[in-house]
Student: 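The structure is given below, and queries will be raised subsequently.
Only a predicted model underlies this, so the values are computations on that prediction, with no experimental measurement involved.
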Amino acid sequence: MAMTPRERVEAAMKLESLDRPPAAIFTQSATVGQMDALNAPWPAAHSDANLMATLATGTVELFGFEAARTTFCLTAETERLGAEVQLDKKDAAPMIRTHPAHFDAMMGEYDDLSEKIMPIEEYLKGGRVAEVIKSVELLKNNKVQGVKKWNSEEYAICAGNTGVFTICGNLCDTENIIFGMMMDTDAVDKWTSFMAPYVKAYTQALIDAGADVVQCSEPSGSTDMLSPDMFEEAAGKPCRESLGATTGGFGNILHICGDTLPILNEMATVAAGCSIEEKVEAQAAVDAVGGKTVLVGNVGSVRPLYQGSLDDVKAGVSKSVEAGFTIISSGCGIAPSTSNENMQCFVDTVKSYGQ
């Protein structure tokens, strides 16, 4: 008996035998084509749970991907914690404009986050954080507006959130927290220790609302930002204490951009799996951690998916499949202007391996 898409994602997350890997975008998945087809455009879909849930199903409704991914940026949490966010474009992700906390390792000046940040219970009940949780509930309960195919018994639900170290950087400006890792790691530890319970609580709330998988993005933990020997203290430990400490669902995924090969074994200890981009050669990633963790990726979101031809897309997808990635996804967030044709080619290429 053929697997349903949700069963295939579950089996992949448990490293069980598969007829083929799932095609599922676990990173940011929305495109302008989906927004137009489903009448669920940005920026409104960033803030309204009903539009958010509708747009989340776009990859399933239009192209036949095997999971819906809800929430489309990494700013919802920081906005809830007091940042001002530019949230006004249809074809570009929201950007943080002001930072609500102060961290200056050079001067030794650090805000006490306990005096700046609302309690966890309040944090989860308002702003876009609450809307994301509600969007998961709508997906799980099949109360999504304007869709035809969506059924949570057949398709998996992935929710996105942001890692502890990245949130700390968003609170004060990323450069400041990176500099803190070189000047005053104790001060960084105080901030990450304070924020880890918030990320854990939000991750658990998403699972409790119905998310099968939470993919947590920790871009500030990249080797583009930190030396590999800083990863464990800055991002590995707090992510393990938050993302890796929840219960329920199929398991969670840690996503980090850049060349993660030097930290891939450490990433594999954080949660059920690792999501990586095309800067890591596909076969090298599988050789390093294949079979030990769920590998998600690593088809280039810029090239081939945004800029490439259909032949480029086929080649990029095939490389990840043939290397042995567990779940075939984009290596980073999908560019909003990615064409419908390239998205469809992605799915068709993955599914051809099961024929």
Side-chain angles (χ1 to χ4, degrees), residues 6 9-16 24 26-27 56 67-71 74 76-78 80-81 117-141 152 156-168 170 191-221 231-232 234-256 266-276 289 292-296 326-327 329:
R6 185 173 186 271
V9 172
E10 180 177 15
M13 289 295 298
K14 295 178 179 178
L15 292 175
E16 296 174 351
F26 280 1
T27 56
R69 149 75 191 233
T70 187
T71 193
L74 302 181
E77 298 101 312
T78 315
R80 177 62 177 155
L81 296 171
I117 303 300
M118 66 186 71
I120 291 174
E121 295 77 11
E122 181 182 353
Y123 166 71
L124 295 175
K125 292 180 180 178
R128 287 196 285 138
V129 166
E131 291 299 305
V132 175
I133 295 170
K134 182 180 176 183
S135 76
V136 175
E137 294 173 344
L138 292 169
L139 289 163
K140 183 64 176 179
N141 295 321
S152 63
I157 301 170
C158 176
N161 67 359
T162 310
V164 177
F165 188 63
T166 297
I167 289 177
C168 288
N170 288 348
W191 272 38
T192 57
S193 295
F194 182 85
M195 289 309 307
Y198 284 75
V199 176
K200 179 182 178 182
Y202 185 31
T203 304
Q204 190 64 60
L206 292 168
I207 296 168
D208 292 345
D212 297 306
V213 177
V214 175
Q215 176 147 308
C216 181
S217 294
E218 186 68 292
S220 297
F231 171 76
E232 174 60 23
K237 181 175 180 286
C239 276
R240 195 176 297 108
E241 293 174 349
S242 52
L243 181 71
T246 57
T247 59
F250 299 161
N252 301 323
I253 300 291
L254 174 63
H255 174 79
I256 298 183
E266 288 80 4
M267 286 178 64
T269 71
V270 169
C274 309
S275 169
I276 61 175
V289 296
K292 296 190 294 185
T293 190
V294 177
L295 268 176
V296 181
T326 323
I327 296 171
S329 182

Student: Taking all non-hydrogen atoms of both residues into account, name the closest pair between Val136 and Ala211 and its distance.
Tutor: CG1-N, 3.3 Å

Student: As an exercise, state the distance from CD1 of Ile120 to NZ of Lys200, rounded to the nearest 0.5 Å.
Tutor: 9.5 Å

Student: Side chain of Glu218, backbone of Val164: donor and acceptor closer than 3.5 Å?
Tutor: yes

Student: Please confirm whether the backbone N or O of Ala24 pairs with a side-chain atom of Ser329, one donor and one acceptor, at under 3.5 Å?
Tutor: yes

Student: Starting from the C-alpha separation in whole Å, work towards a yes-or-no answer on side-chain contact (heavy atoms from CB on, under 4.5 Å) for Glu77 and Arg80.
Tutor: CA-CA 5 Å; Glu77 298 101 312; Arg80 177 62 177 155; 5.7 Å; no

Student: Starting at CG of Asp208, measure out to CD of Glu137 and round the result to the nearest 0.5 Å.
Tutor: 10.0 Å

Student: Nearest 0.5 Å, please: how far is SG in Cys239 from CG in Leu254?
Tutor: 5.0 Å

Student: Are any side-chain N or O atoms of Arg69 and backbone N or O atoms of Cys158, one a donor and one an acceptor, separated by less than 3.5 Å?
Tutor: no

Student: Would you call Leu15 and Thr326 a side-chain contact if the rule is heavy atoms closer than 4.5 Å?
Tutor: yes

Student: Which heavy atom in Val9 sits nearest to a heavy atom in Phe26, and how many Å separate them?
Tutor: CG1-CZ, 4.2 Å

Student: Apply the test side-chain contact (heavy atoms from CB on, under 4.5 Å) to residues Val289 and Met267: give CA-CA distance (whole Å), side-chain angles for both, the deciding distance (0.1 Å), then the verdict.
Tutor: CA-CA 10 Å; Val289 296; Met267 286 178 64; over 6 Å; no

Student: Once you round to the nearest 0.5 Å, how far does OH of Tyr123 lie from CD1 of Ile117?
Tutor: 9.5 Å

Student: Verify, without hydrogens or angle tests, whether Gln215 (side chain) and Ser275 (backbone) share a donor-acceptor contact under 3.5 angstrom.
Tutor: no

Student: Between Pro238 and Ser242, what is the shortest heavy-atom contact and its length?
Tutor: O-OG, 2.7 Å

Student: Of the non-hydrogen atoms in Thr192 and Ala234, which two are nearest, and what is the gap between them?
Tutor: CG2-O, 4.0 Å

Student: How far does CD1 of Ile276 sit from CG of Leu295, to the nearest 0.5 angstrom?
Tutor: 5.5 Å

Student: Considering non-hydrogen atoms only, spot the tightest contact between Ala156 and Asp212 and give its length.
Tutor: CA-OD2, 3.4 Å

Student: Is it true that Glu232 and Arg240 have a side-chain N and a carboxylate O under 4.0 angstrom from each other?
Tutor: yes

Student: Can a donor-acceptor pair be found, under 3.5 Å and without considering hydrogens, that links the side chain of Gln204 to the backbone of Thr247?
Tutor: yes

Student: Between Val199 and Leu243, is any pair of side-chain heavy atoms under 4.5 Å apart?
Tutor: no

Student: Do Lys14 and Glu10 pass the salt bridge (charged side-chain N to carboxylate O under 4.0 Å, His left out) test, and can you show the C-alpha distance, the side-chain angles, and the key distance before you say yes or no?
Tutor: CA-CA 6 Å; Lys14 295 178 179 178; Glu10 180 177 15; 2.7 Å; yes

Student: Quick check: does any side chain N or O of Thr166 sit under 3.5 Å from a backbone N or O of Ser220, one acting as donor and the other as acceptor?
Tutor: yes

Student: Hey, is the main chain of Ala272 close enough, under 3.5 Å, to the side chain of Thr293 for a donor-acceptor pair?
Tutor: yes

Student: Give a yes-or-no answer on whether the side chains of Thr246 and Asn252 include a donor-acceptor pair shorter than 3.5 Å.
Tutor: yes

Student: Looking at every non-hydrogen atom in both residues, tell me the closest pair between Ala56 and Leu139 and how far apart they are.
Tutor: CB-CD1, 4.2 Å

Student: Taking Asn141's backbone N and O only, do any of them form a donor-acceptor pair with Ser152's side chain (distance below 3.5 Å, no angle check)?
Tutor: no

Student: Working to the nearest 0.5 Å, report the span between CD1 of Ile133 and CG of Leu206.
Tutor: 5.5 Å

Student: Verify side-chain contact (heavy atoms from CB on, under 4.5 Å) between Tyr198 and Ile167, making sure each step is shown before the conclusion.
Tutor: CA-CA 10 Å; Tyr198 284 75; Ile167 289 177; over 6 Å; no

